[in-house]
Undergrad: 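Here it is: the structure, laid out below.
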Amino acid sequence: MGKASKDKRDLYYRKAKEEGWRARSAFKLLQLDETFDLFTNTKRVVDLCAAPGSWSQVLSQKLKDVPDSRVVAVDLQPMMPIENVTCLQADITHPKTLKLILDVFGGEPADFVCSDGAPDVTGLHDLDEYIQGQLVLSALQLACCVLKEGGTFVAKIFRGRDIDLLYSQLGFLFDKVVCAKPRSSRGTSLEAFIVCMGYHKPAGWEPKLDESISTEEFFAGANIGKQAMTEQADYGVATEPRVIAPFIACGDLSAVDSDATYRPGNLKGLDPVQAPTAPPYKQALELKRKNQKKST
């Protein structure tokens with residue numbers, strides 16, 4: 001029996017090629033901007049987990065006419081250059097990365113921090129949600145160190161059983177937290193995006209990146225995690241307050257439906273917008289070639 005799978009090359013995949021985006025995820029940020037107007041009064045932006053660079057392309061286009069604007073893209077994987085974007089191959093959890101970003105900004109804080117990063121999913125939803133949650137918290141740590149007061153943070157999340165705990169934690173750092181689902185994000189996917197606006201540091205808390213401490217230790221003193229737990233008088237058990245964030249669908253209803261099937265029409269093949277810089281299987285291919293040469 002053959003393997004049943006959904007072809008991921010939908011119309012957004014094709015539109016990305018036609019319009020010059022490196023990935024279909026560019027439309028997700030564009031549709032989030034349509035709803036939340038993310039780039040008004042924005043000059044300094046950090047794109048975390050940026051490879052292959054579609055969100056950085058959108059940011060570069062949106063800010064190209066803004067005087068003194070700066071866009072920094074950070075990822076462990078190498079990225080091909082993007083016009084008006086400073087690409088850093090670095091670890092988002094390392095203090096040196098924070099210094100590099102601030103150097104690009106001339107010591108000034110960022111107006112907007114975003115992350116479209118996600119792990120290679122295993123299909124085990126609980127595990128995938130946990131790993132994604134840790135990635136979001138890692139991005140949030142850097143955001144807390146680089147964002148200005150009133151700044152905006154946007155990150156990909158996987159909605160699961162305990163996602164309301166993340167909403168409650170973010171509520172201690174931002175005036176408004178919204179869960180958003182762009183039309184270009186498949187309805188069959190657990191993927192969504194948290195849009196956090198109005199950043200404010202709790203009084204007396206100074207965030208500081210340190211790769212030797214845990215996430216819980218980083219947020220100690222910020223009234224997050226265990227610090228935010230409340231006592232249940234009836235049972236005497238400490239529990240985390242749970243919050244339901246507003247849910248908003250983004251993107252015009254007349255836009256392409258990512259889960260729909262459309263007639264192909266007269267379509268011609270398109271070359272990749274950008275070839276892979278370092279595919280994860282590159283080393284495996286090189287080893288295979290070496291073994292073949294030895295056998296001959």
Undergrad: Under 6.0 Å between the ring centres of Trp55 and Phe112?
TA: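 Not close enough - the centres of the two rings lie 6.0 Å or further apart.
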Undergrad: For Gln89, does its backbone N or O pair with a side-chain atom of Asp75 as donor and acceptor, under 3.5 Å?
TA: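 Between the backbone of Gln89 and the side chain of Asp75 there is no qualifying donor-acceptor contact (under 3.5 Å).
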Undergrad: State which residues pass salt bridge (charged side-chain N to carboxylate O under 4.0 Å, His left out) with Glu217; sequence neighbours excluded, sorted by chain then number.
TA: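 In terms of salt bridge (charged side-chain N to carboxylate O under 4.0 Å, His left out), with neighbours along the sequence ignored, Glu217 is linked to no residue.
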Undergrad: Who are the salt bridge (charged side-chain N to carboxylate O under 4.0 Å, His left out) partners of Asp103, not counting sequence neighbours?
TA: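 Here the qualifying residues are Lys99.
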Undergrad: Indicate yes or no for a side-chain donor-acceptor contact from Arg159 to the backbone of Ala192 under 3.5 Å, with no hydrogens or angles considered.
TA: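 Flag not set: sc Arg159 to bb Ala192 has no pair under 3.5 Å.
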Undergrad: Could you walk me through whether Arg22 and Gln57 satisfy the side-chain contact (heavy atoms from CB on, under 4.5 Å) test, starting with their C-alpha distance in whole Å, then the side-chain angles of each, then the deciding distance to 0.1 Å, before giving a yes or no?
TA: CA-CA 8 Å; Arg22 293 186 180 182; Gln57 285 181 295; 3.2 Å; yes
Undergrad: Report the residues that fulfil side-chain hydrogen bond (donor to acceptor under 3.5 Å, both in side chains) with Asp257, sequence neighbours left out, ordered by chain and then residue number.
TA: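 Scan of Asp257 (side-chain hydrogen bond (donor to acceptor under 3.5 Å, both in side chains), adjacent residues dropped) gives none.
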Undergrad: Quick check on the hydrophobic clustering: are Ile213 and Leu209 connected, directly or via other members, by side-chain heavy-atom contacts under 4.5 Å?
TA: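 Same cluster: Ile213 reaches Leu209 through Ile, Leu, Val, Met, Phe, Trp or Tyr contacts under 4.5 Å.
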Undergrad: Once side-chain hydrogen bond (donor to acceptor under 3.5 Å, both in side chains) is applied, do any residues pair with Asp33, and if so which ones, sequence neighbours excluded?
TA: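 With sequence neighbours excluded, Asp33 shows a side-chain hydrogen bond (donor to acceptor under 3.5 Å, both in side chains) to Lys62, given in chain and number order.
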Undergrad: With Lys64, which residues qualify under salt bridge (charged side-chain N to carboxylate O under 4.0 Å, His left out), at least two apart?
TA: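 Result, salt bridge (charged side-chain N to carboxylate O under 4.0 Å, His left out) vs Lys64: none returned.
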Undergrad: Go through Phe247 and Lys181 one step at a time and tell me if the side-chain contact (heavy atoms from CB on, under 4.5 Å) criterion holds.
TA: CA-CA 8 Å; Phe247 182 88; Lys181 181 78 169 176; 3.4 Å; yes
Undergrad: So do Val195 and Phe153 actually touch side chain to side chain, heavy atoms under 4.5 Å?
TA: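 Side-chain contact under 4.5 Å: no.
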Undergrad: Please name all residues satisfying side-chain hydrogen bond (donor to acceptor under 3.5 Å, both in side chains) with Gln31, sequence neighbours left out, ordered by chain then number.
TA: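 Result, side-chain hydrogen bond (donor to acceptor under 3.5 Å, both in side chains) vs Gln31: Tyr12, Ser184.
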Undergrad: Can you list the residues that meet the side chain to side chain contact (heavy atoms under 4.5 Å, CB included) rule with Glu286, with sequence neighbours excluded?
TA: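 Result, side chain to side chain contact (heavy atoms under 4.5 Å, CB included) vs Glu286: Lys282, Arg289.
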Undergrad: Between Ser69 and Leu63 (side chain of the first, backbone of the second, donor and acceptor by atom type, cut-off under 3.5 Å), is there such a pair?
TA: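 At least one qualifying donor-acceptor pair exists.
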Undergrad: Could you work out, with side-chain hydrogen bond (donor to acceptor under 3.5 Å, both in side chains) as the rule, every residue matching Asn84, not counting sequence neighbours?
TA: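 Here no residue qualifies.
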Undergrad: In chain order, what residues pass the side chain to side chain contact (heavy atoms under 4.5 Å, CB included) check against His125, with sequence neighbours excluded?
TA: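 Applying side chain to side chain contact (heavy atoms under 4.5 Å, CB included) to His125 gives Glu129, Leu190.
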Undergrad: Could you pull out all residues at least two apart from Lys96 that satisfy side chain to side chain contact (heavy atoms under 4.5 Å, CB included)?
TA: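 With neighbours one apart ignored, the set is His94.
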Undergrad: Is it true that atom OH of Tyr130 has more than 12 heavy atoms of other residues, nucleotides or ligands lying nearer than 6.0 Å?
TA: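 Atom OH in Tyr130 is not packed in, count stays at 12 or less.
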Undergrad: Between Val72 and Phe105, is there a side-chain heavy-atom distance shorter than 4.5 Å?
TA: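 Yes, at least one pair of side-chain atoms sits under 4.5 Å.
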Undergrad: Only pairs under 3.5 Å count here: list side-chain donor-acceptor contacts from residues 134-150, not counting sequence neighbours, and write none if there are none.
TA:
| residue | atom | partner | partner atom | Å |
| --- | --- | --- | --- | --- |
| Ser138 | OG | Gln134 | O | 3.0 |
| Lys148 | NZ | Asp111 | OD1 | 3.0 |
| Glu149 | OE2 | Lys201 | N | 3.3 |

Undergrad: Taking atom types as modelled, find out whether Thr97 and Asp91 have a side-chain donor-acceptor pair closer than 3.5 angstrom.
TA: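 No, no side-chain donor-acceptor contact under 3.5 Å.
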Undergrad: For Ala26, which residues count as a side chain to side chain contact (heavy atoms under 4.5 Å, CB included) partner, sequence neighbours excluded?
TA: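 Per chain and number, Ala26 pairs via side chain to side chain contact (heavy atoms under 4.5 Å, CB included) with Trp21, Ser54, Val58.
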Undergrad: Do the charged groups of Asp10 and Arg186 touch, with an N to O distance under 4.0 Å?
TA: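 Yes, this pair counts.
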